[in-house]
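Reviewing the structure listed below.
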Amino acid sequence: MTALFAGRESLRVGGETSTFVWTLLTLPLSVIVLGWVLQHQITWQEIALLLVVAMVYVSFSRGRLLGGGLRIHAGQFGHVHAIVDDCARRLRMPTPHVFVRDDPFVPVVAIGIGEPYAVVLSAQYLEHFRDDELRFLIGRELGHIAAGHTRFTSLLSANGRETGVIALAFGAWLRRIDYTADRIGLICAGSLDAAIRAIAVSTFGSVGRKAELGAFAEQLREINEEPSLRLAEWTASTPYSTNRIAALHRFARDPLYVLWAQRFAENAAAAPVADVREAVYAGFWRRATAFCVDIAVLQAIIPAAAAVQHTLAPSPTATAAIKELTADKDAPDWLKTVLGTAATGGHVHVTYGGNWVLWFALALYVIVMVGLIGQTVGMMVADLRVVGVRRNRVGIGGAIARYVSLAGSLVAIIGWFSIFRRVQPYEKWSGTRLVSGTAVRS
């Protein structure tokens with residue numbers, strides 16, 4: 001899977017990586033401009049808080065899909081499952097989970113910041129696509145997973161619908177990765193005609209089936225003749241469909257397409273790729289990096305959360321009830337103060353103090369994040385993930401065992417003398433391991 005996007009034969013569109021770097025470097029300017037437009041000074045504490053919330057929200061997506069989506073397997077929409085399995089085999093990657101949900105806006109999207117990834121199809125679009133068109137759409141979403149795009153796009157939007165703010169801040173990179181994914185989709189589909197039809201139906205629904213696609217593609221000439229017509233694309237998270245079609249035409253004539261089409265055909269006869277990771281355990285410096293990032297995130301989040309100011313505007317009935325409670329002589333003084341403030345529609349200020357709050361917040365933060373998604377923000381930056389000894393999810397119980405064992409090892413002194421080991425004593429006690437998040441699959 002790595003070879004797809006490495007070296008001279010990489011399928012990444014030129015400039016994708018550099019665009020991502022520039023997007024991150026110019027993010028402070030984007031934040032300043034956005035704050036000016038919204039007349040609100042956006043702080044890095046708020047951004048850090050949003051990042052953690054986004055990671056937790058993504059972790060809930062599998063539960064939402066299992067609870068409200070239709071899971072596809074060999075016995076249910078078997079033809080779709082067969083397409084996903086075949087495309088995954090050609091890409092030499094494990095087959096992700098596939099679900100159908102009711103979504104009138106996004107035909108298909110890949111989500112996940114780590115295993116297990118999922119491809120989600122829209123119930124309202126599924127019946128409109130032919131099998132060869134589905135191969136293109138599914139292939140491009142698997143391309144997003146294989147290229148590592150979903151680790152970031154899932155934080156921006158867990159359902160595939162980016163807001164205008166996200167489009168303005170990250171649109172340049174999001175449009176680039178769409179071109180890369182289209183290349184993978186075209187190779188999986190093996191048909192330029194099917195790829196173009198899939199784009200038309202995705203864009204226009206069933207009407208796209210009746211459209212004259214040659215004339216539609218020619219609209220690009222009019223756009224190129226009037227530069228101002230291209231400005232709207234700069235504010236979008238996806239490229240113009242006419243530009244995507246033109247890029248596919250160019251790639252279909254590229255020797256790189258012929259090379260990878262042959263490799264994909266050879267992979268089709270290979271055995272499916274098992275979802276097994278090599279034991280690449282984390283060393284001291286990567287652990288230290290993750291820890292420092294997490295401390296920085298917590299120090300940013302706690303003041304942001306503590307400074308939240310709530311304006312209370314209770315109804316007349318609620319106000320009367322609050323006044324009655326404040327008049328109760330047995331009510332605690334602190335409760336009377338809070339309720340009295342609420343009754344007058346004032347503000348409640350939340351404060352914090354003491355280093356113990358930071359350590360308590362850190363313990364709660366790592367247990368929840370590791371229990372839900374297997375990694376914290378710091379681990380994500382350092383490309384690390386907590387797993388069980390069998391590469392399974394540890395869950396909340398496993399996360400509690402891990403960090404209680406960690407505290408015990410530090411109290412017992414043994415933990416201080418083993419900081420350079422790749423497998424710590426507390427990890428043996430708790431049956432957990434810290435491994436590379438992108439360890440090579442066998």
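Keep in mind it's a predicted model, so treat the numbers as computed, not measured.
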Next item on the list: Measure up the Phe129 and Tyr125 rings against each other and bin them: parallel (under 30°), tilted (30 to 60°), perpendicular (over 60°).
Entry: parallel
Next item on the list: Just jot down the salt bridge (Lys or Arg N to Asp or Glu O under 4.0 Å) partners of Asp294, sequence neighbours excluded, or say none.
Entry: none
Item checked: Glu427 and Arg287 ion-paired at < 4.0 Å -> yes
Item checked: Sub-4.5 Å side-chain heavy-atom contact between Val84 and Val119 -> no
Margin query: Quick check on the 6.0 Å ring-centre criterion: do Phe152 and Phe170 meet it?
Written below: yes
Notebook entry, point to check: Looking at side-chain heavy atoms only, is the closest gap between Leu186 and Asp182 below 4.5 Å?
Noted result: no
Item checked: Within residues 249-273 or reaching into it, pairs that qualify as salt bridge (Lys or Arg N to Asp or Glu O under 4.0 Å) - sequence neighbours excluded -> Glu9-Arg263
Next item on the list: Kindly say whether Arg71 contributes a backbone atom to a donor-acceptor pair with the side chain of Gln76 at under 3.5 angstrom?
Entry: yes
Note to self: With heavy-atom distances below 4.5 Å as the criterion, would you say the side chains of Ile111 and Thr150 are in contact?
What the structure shows: no
Next item on the list: Please step through side chain to side chain contact (heavy atoms under 4.5 Å, CB included) for the pair Leu248 and Tyr257, ending with a clear verdict.
Entry: CA-CA 10 Å; Leu248 284 174; Tyr257 169 76; over 6 Å; no
Margin query: Just so I know, are the side chains of Ile177 and His144 near enough to count as touching, which here means a heavy-atom distance under 4.5 Å?
Written below: yes
Check: Is there side-chain contact between Thr376 and Val293, with heavy atoms separated by less than 4.5 Å?
Finding: no
Note to self: Within the structure provided, determine whether Pro96 and Leu142 are in side-chain contact (heavy-atom separation under 4.5 Å).
What the structure shows: yes
Notebook entry, point to check: Which of these passes side chain to side chain contact (heavy atoms under 4.5 Å, CB included) with Thr432: Leu406, Val423, Asn392, Val394?
Noted result: Val394
Checklist line | Residues Arg130, Asp132: salt bridge by 4.0 Å N-O rule | finding: no
Notebook entry, point to check: Tell me, do Ile196 and Phe136 make a side-chain contact under 4.5 Å, heavy atoms counted?
Noted result: no
Notebook entry, point to check: Is there a donor-acceptor contact under 3.5 Å linking the side chains of Asp85 and Thr95?
Noted result: yes
Item checked: Salt bridge Asp131-Arg135, side-chain N to carboxylate O under 4.0 Å -> no
Next item on the list: In sequence, state the C-alpha distance, the side-chain angles, and the governing distance for Gln424 and Trp429, and then conclude on side chain to side chain contact (heavy atoms under 4.5 Å, CB included).
Entry: CA-CA 9 Å; Gln424 301 285 316; Trp429 302 343; over 6 Å; no
Item checked: Candidate pair Leu126 and Leu134, rule side chain to side chain contact (heavy atoms under 4.5 Å, CB included), full reasoning -> CA-CA 8 Å; Leu126 183 58; Leu134 275 175; 4.2 Å; yes
Check: Does any non-hydrogen side-chain atom of Leu174 lie less than 4.5 Å from one of Thr238?
Finding: no
Check: Quick one: side chain to side chain contact (heavy atoms under 4.5 Å, CB included) partners of Val389, sequence neighbours excluded?
Finding: Arg433
Checklist line | Trp260 and Ile184: CA distance, side-chain angles, deciding distance, side chain to side chain contact (heavy atoms under 4.5 Å, CB included) verdict | finding: CA-CA 9 Å; Trp260 280 105; Ile184 304 296; over 6 Å; no
